[in-house]
Each structure stands twice: as structure tokens, then as C-alpha cells.
Asks: 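Please read through the structure below; I'll follow up with questions.
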Amino acid sequence: MAQALGKKLAGDVFDSFSAGTEPGSRINPDAVRLMKQVHGIDMERTQHNKLLSDLPPVDIVVTMGCNVQCPTFPCSHREDWGLDDPSGKEDKEFLAVMTQIEEKVLDLKRRIQSGKLGPF
């Protein structure tokens with residue numbers, strides 16, 4: 001969800017990539033369904049699961065929290081958004097996390113534009 005929302009809401013300011021240490025065989029179907037419903041984004045067409053080693057060099061790393069231990073990844077700035085993993089929960093949990101991601105993406109965009117992060 002973060003990659004898709006980053007591209008939609010802040011693609012004019014930064015590129016968004018998503019990856020994991022142990023990606024599943026497919027994107028969470030609840031996330032796919034709700035992103036399509038709420039934002040009109042078909043994540044199955046625009047994204048795929050990938051490993052951290054598949055990412056290009058980055059300036060900013062944002063970890064989601066989600067009760068997962070994240071490995072060190074080279075960057076100039078790192079922050080953790082401390083989100084709960086909504087997997088296996090009701091739609092309202094997914095929608096709440098989606099809203100949090102939207103807010104955090106827009107905040108990151110504002111901070112970059114205002115010069116509070118960077119230049120990189």
C-alpha cells in the first residue's frame with residue numbers, strides 16, 4: 001500500500017519502492033481489493049513482491065513497523081512509521097492503516113519539499 005500511495009500522492013517529489021526480507025507469493029488480497037476500491041489502484045498490475053536486494057540505491061528508507069525486524073539498508077535518512085500489520089483483520093483495520101500511510105506519505109512529501117530532509 002505504501003508504494004502505491006507514494007506513487008499516487010507524492011510521485012512528483014520522490015520515487016517509491018517496496019520490498020521485504022521474505023516476500024510472499026502475492027500481494028495481500030485484502031490490500032489489493034481495498035486499494036482498488038478506495039484509490040482505483042490495481043496493485044496486481046503495477047507491483048510485485050520483491051526482495052530488498054532487488055531495490056536500486058535509495059536516499060530514504062521508511063520501515064513500516066508491523067512487528068518485523070528490519071535489516072540495515074544503506075541510506076541517508078531512515079524513519080519507522082510504526083504501523084500495525086492489518087493482515088488477517090477486518091477491512092476497518094486495513095482502511096485505518098491505509099489512512100495512516102496516506103498521512104505519512106503526504107508529511108514526508110512536505111518535509112522533502114520544505115528542505116527539512118535532504119538534499120540527498
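Note: hydrogens, waters and symmetry copies are ignored here, and every other heavy atom, side chains too, is used.
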Asks: Distance check, rounded to the nearest 0.5 Å: E44 atom CD versus R26 atom CZ?
Replies: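 CZ of R26 is found 6.5 Å from CD of E44.
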
Asks: Please say yes or no: joined through hydrophobic side-chain contacts below 4.5 Å, possibly via intermediate residues, are I101 and F17 part of one cluster?
Replies: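 No, I101 and F17 fall in different hydrophobic clusters.
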
Asks: Check for me, please, whether I60 and V58 land in the same ILVMFWY cluster - side-chain distances under 4.5 Å, paths through other members count.
Replies: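 Result: no, two separate clusters.
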
Asks: Could you give the distance from CD (Q100) to CG (D84), rounded to the nearest 0.5 Å?
Replies: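 Between atom CD of Q100 and atom CG of D84 there are 7.0 Å.
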
Asks: Take D91 and R33, measure what salt bridge (Lys or Arg N to Asp or Glu O under 4.0 Å) needs, and give me the verdict at the end.
Replies: CA-CA 10 Å; D91 285 0; R33 177 178 51 82; 2.7 Å; yes

Asks: For A4 and Q47, which heavy atoms make the closest approach, and how far apart are they?
Replies: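 Minimum heavy-atom separation between A4 and Q47: CB-OE1, 3.1 Å.
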
Asks: Look up atom CG in L95 and atom CD in E90, then write down how far apart they are to the nearest 0.5 Å.
Replies: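 Going from CG on L95 over to CD on E90, the span is 11.0 Å.
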
Asks: Looking only at non-hydrogen atoms, find the nearest pair between F94 and N28 and report the distance.
Replies: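 Shortest heavy-atom separation between F94 and N28 comes out as CZ-OD1, 3.5 Å.
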
Asks: Return the minimal non-hydrogen interatomic distance between K50 and H48, and the atom names on each side.
Replies: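 Taking every non-hydrogen atom into account, NZ-O, 3.1 Å.
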
Asks: Applying a strict under-4.5 Å side-chain criterion to I, L, V, M, F, W and Y, I'd like to know whether F14 and L106 cluster together.
Replies: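 In one cluster with F14: L106, yes.
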
Asks: Find out if a path of hydrophobic residues (ILVMFWY) with successive side-chain heavy-atom gaps under 4.5 Å connects L55 to I27.
Replies: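 No; tracing contacts between hydrophobic side chains, which count when under 4.5 Å, never links both residues.
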
Asks: Yes or no on side chain to side chain contact (heavy atoms under 4.5 Å, CB included) for K109 and D12, after CA distance, side-chain angles and deciding distance?
Replies: CA-CA 9 Å; K109 178 181 178 177; D12 59 327; 3.2 Å; yes

Asks: Just do the side chain to side chain contact (heavy atoms under 4.5 Å, CB included) check on E79 and R111 with the steps written out, would you?
Replies: CA-CA 13 Å; E79 60 189 58; R111 288 185 286 142; 2.8 Å; yes

Asks: Can you find a heavy atom in the side chain of L108 that is under 4.5 Å from one in the side chain of V13?
Replies: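 When only atoms from C-beta onward are counted, V13 and L108 do not touch, as no gap falls below 4.5 Å.
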
Asks: With heavy-atom distances below 4.5 Å as the criterion, would you say the side chains of L9 and E102 are in contact?
Replies: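 L9 reaches E102 side chain to side chain.
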
Asks: Can you check whether T46 reaches Q3 side chain to side chain, under 4.5 Å on heavy atoms?
Replies: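 In short, these two side chains do not touch, never coming nearer than 4.5 Å.
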
Asks: Are there over 12 heavy-atom neighbours, none belonging to Q113, within less than 6.0 Å of that residue's CD?
Replies: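 Result for CD/Q113: enclosed.
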
Asks: Quick one: which of T99, L5, V62, L83 gives a side-chain contact (heavy atoms from CB on, under 4.5 Å) with K104?
Replies: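 Going through the options one by one, the only one that passes is L83.
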
Asks: What are the two closest heavy atoms between M1 and A31, and how far apart are they?
Replies: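 Closest approach of M1 to A31, heavy atoms only: CG-CB, 4.0 Å.
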
Asks: Report whether V61 and M64 are members of the same hydrophobic cluster (ILVMFWY, side-chain heavy atoms less than 4.5 Å apart, transitive linking).
Replies: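 Different clusters: V61 never reaches M64 through Ile, Leu, Val, Met, Phe, Trp or Tyr contacts under 4.5 Å.
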
